Every structure is written in C-alpha cells, then in structure tokens.
Amino acid sequence: MSKVDRRILKSQEAIKRAILELMTDKNFDQITIQDISDRANVSRKTIYLHYADKFDLLDKLIEESIDKLREVGEAACELDWKPATQVCFEYLESHYPFFSTMLANKGAPYFRSRFLKYQIEAFQNELRKTNDRKNAVNEEITVQFVASAYVGVVEWWLTNGMPHPPRVMADQVGTLFEALYE
C-alpha cells in the first residue's frame, strides 16, 4: 500500500476540522464551500480534489467516524456490559467535539440516523450472541427499543455537557443493559 503524502492528509484534516467548526456556528445548509475553504485555509480547488461537494465531505466524515466507532464497539463486545459501555462512553468523551456537533447541536440529522442504524446492528449482533432463551418480546422490537434508548442517552449526555463521567454513565447504562439482556 502506498503512503499518502503528508500534505494531502494535512489538507484533508484541515477541511474536516473546518466543517466541524463551522457546524458549531451555522446550520449545515448555510455552510458553503467558500466558508470551508476560508476556515481550512485551503483553496476551493483543494476541497474539490478530495470531495465532490459539502455533502460528500460530510458523508465521508460520518462514515469515517462510524467505522472508528464500529472498531471500538467490536473490541468492547468481548467485555461484560458495564466495562464495554465504559469503553464506548470514554470514546465518545475523547471525541466530544465531533459527537456534540453531530448529535447534541443537531448539526447533522443524517448523522443521528446513521448512528442509530449502527447501534441497531450492534445490538442485534449482541442480542443474538447473549440471548439464547426465548423472550416474550420480539427481537426486532427489543433491538429498536435498546438502540433508540442508547442514542437518546448519548444525546442527553452530550447536550448537557457530559454531566457524569464515562464510568458513571457506564455503570448506569450497563445496569440497564444487564437487566434487559440477562
């Protein structure tokens, strides 16, 4: 695999950082390529070399973050509920600027739906691994309920400036998961 030029990586990071910063101040629909260019200190041409338009930029940024979250989640799935949940909340905390922009500030409703879709897939996989007994509640309803509740708790936590440390969130949410899944 060939190495990517550091200048290209630096430009892409500046562009991604610029759009996130702009989304804390403006609605995504109001942001222009010129705004991104000015904030990132790159030419519009540089942006178009890497992204078709601002929607492509946002889509790639979201996909990259979901992929990273998936990696963290897959590693955490080997743990019990509370430690696994703590790993996830610590990851969210360490990437607070991104997640607070995407979820708490309603900067990208599209991200919320992708985040929810990822959570549904993750909880489906976990339910299939841990739930051997027949449950009175339909699996699909259970997964929708748990994933929606989890995304709601994450939104609440970020919107309120992370009022509890990840350890406390993991203990509380992990307790709820344990009660539901075991």
Side-chain angles (χ1 to χ4, degrees), residues 9 12-14 16-25 28 58-182:
L9 292 175
Q12 288 175 331
E13 286 305 312
K16 291 173 191 174
R17 193 170 39 256
I19 195 164
L20 284 174
E21 289 171 2
L22 288 164
M23 287 175 66
T24 63
D25 300 331
F28 179 74
L58 182 63
D59 189 51
K60 285 186 169 78
L61 186 62
I62 289 170
E63 192 62 39
E64 182 181 297
S65 72
I66 294 292
D67 287 345
K68 288 178 185 174
L69 194 58
R70 185 173 283 115
E71 289 173 22
V72 169
E74 286 172 0
C77 280
E78 302 303 317
L79 304 170
D80 290 333
W81 281 111
K82 289 181 184 180
T85 306
Q86 183 166 343
V87 168
C88 293
F89 274 100
E90 286 171 349
Y91 179 80
L92 293 169
E93 178 187 49
S94 68
H95 294 83
Y96 177 77
F98 175 81
F99 287 104
S100 65
T101 299
M102 291 294 158
L103 288 172
N105 294 340
K106 307 293 184 221
Y110 180 60
F111 176 78
R112 188 188 192 284
S113 67
R114 297 274 295 275
F115 184 57
L116 179 60
K117 182 180 177 203
Y118 159 70
Q119 293 301 334
I120 288 168
E121 291 168 6
F123 285 117
Q124 265 177 334
N125 292 337
E126 193 60 29
L127 182 63
R128 289 185 181 128
K129 285 192 318 192
T130 61
N131 197 2
D132 293 332
R133 62 183 163 77
K134 290 292 179 200
N135 197 329
V137 180
N138 176 286
E139 178 182 312
E140 187 175 358
I141 292 170
T142 301
V143 167
Q144 291 291 327
F145 176 79
V146 172
S148 297
Y150 182 74
V151 170
V153 167
V154 167
E155 282 180 314
W156 168 84
W157 187 60
L158 294 169
T159 301
N160 289 288
M162 300 181 296
H164 305 287
R167 175 188 48 75
V168 172
M169 293 302 295
D171 183 57
Q172 296 292 298
V173 175
T175 299
L176 292 168
F177 287 153
E178 286 172 353
L180 188 64
Y181 279 100
E182 298 189 12

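Worth saying up front: this structure is predicted, and the values here are computed from it rather than measured.
- Under the side-chain hydrogen bond (donor to acceptor under 3.5 Å, both in side chains) criterion, E13 pairs with no residue at all, not counting sequence neighbours.
- Under the 30°/60° scheme for interplanar angles, the aromatic rings of Y150 and F123 are found to stand perpendicular.
- Take D25 and apply the salt bridge (Lys or Arg N to Asp or Glu O under 4.0 Å) test, not counting sequence neighbours, and it matches R39.
- In plain terms, the two heavy atoms of G161 and Y96 that are nearest each other are CA-OH, 3.9 Å.
- Taking 4.5 Å as the limit, some side-chain heavy atom of L61 sits within range of a side-chain heavy atom of F98.
- With sequence neighbours excluded, the residues that form a side-chain contact (heavy atoms from CB on, under 4.5 Å) with Q172 are V168.
- No donor-acceptor pair closer than 3.5 Å links the side chain of S148 to the backbone N or O of F145.
- In this view, A14 and R17, A40 satisfy the side-chain contact (heavy atoms from CB on, under 4.5 Å) rule, not counting sequence neighbours.
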Would you please test V72 and E90 for side chain to side chain contact (heavy atoms under 4.5 Å, CB included) and show each step?
-> CA-CA 10 Å; V72 169; E90 286 171 349; over 6 Å; no

Do any side-chain atoms of residues 115-122 form donor-acceptor pairs under 3.5 angstrom with protein atoms, and if so which ones, sequence neighbours left out?
residue : atom : partner : partner atom : Å
Y118    : OH   : L69     : O            : 3.4

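- The two residues F89 and A170 have their closest heavy-atom pair at CD1-N, 4.3 Å.
- K68 has a carboxylate O that lies under 4.0 Å from a charged side-chain N of E64, or vice versa, which qualifies the two as a salt bridge.
- The side-chain contact (heavy atoms from CB on, under 4.5 Å) search around E93 returns W157, M162, P166, not counting sequence neighbours.
- Residue pairs meeting the salt bridge (charged side-chain N to carboxylate O under 4.0 Å, His left out) criterion with at least one member in residues 162-177, sequence neighbours excluded, are K82-D171.
- Applying the salt bridge (Lys or Arg N to Asp or Glu O under 4.0 Å) test to E139 and every residue at least two apart in sequence or in another chain returns R128.
- Between the side chain of N160 and the backbone N or O of P163, no donor-acceptor pair lies under 3.5 Å.
- In this structure, CG in L20 is found 10.5 Å from CZ in F99, a value given to the nearest 0.5 Å.
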Derivation of the side chain to side chain contact (heavy atoms under 4.5 Å, CB included) call for I19 and F28 | CA-CA 9 Å; I19 195 164; F28 179 74; 3.6 Å; yes

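- Using a 4.5 Å heavy-atom threshold, the side chains of V154 and R112 count as separate.
- The minimum heavy-atom distance between C88 and A76, with the atom names listed, is SG-CB, 4.5 Å.
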Start with the C-alpha gap between D59 and Y110, add the side-chain angles, then the distance that decides, and say whether side chain to side chain contact (heavy atoms under 4.5 Å, CB included) holds.
-> CA-CA 9 Å; D59 189 51; Y110 180 60; 3.4 Å; yes

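- The side-chain hydrogen bond (donor to acceptor under 3.5 Å, both in side chains) check on R70 picks up D67, with sequence neighbours excluded.
- No hydrogens or angles considered: nothing links the side chains of E140 and Q144 as a donor-acceptor pair under 3.5 Å.
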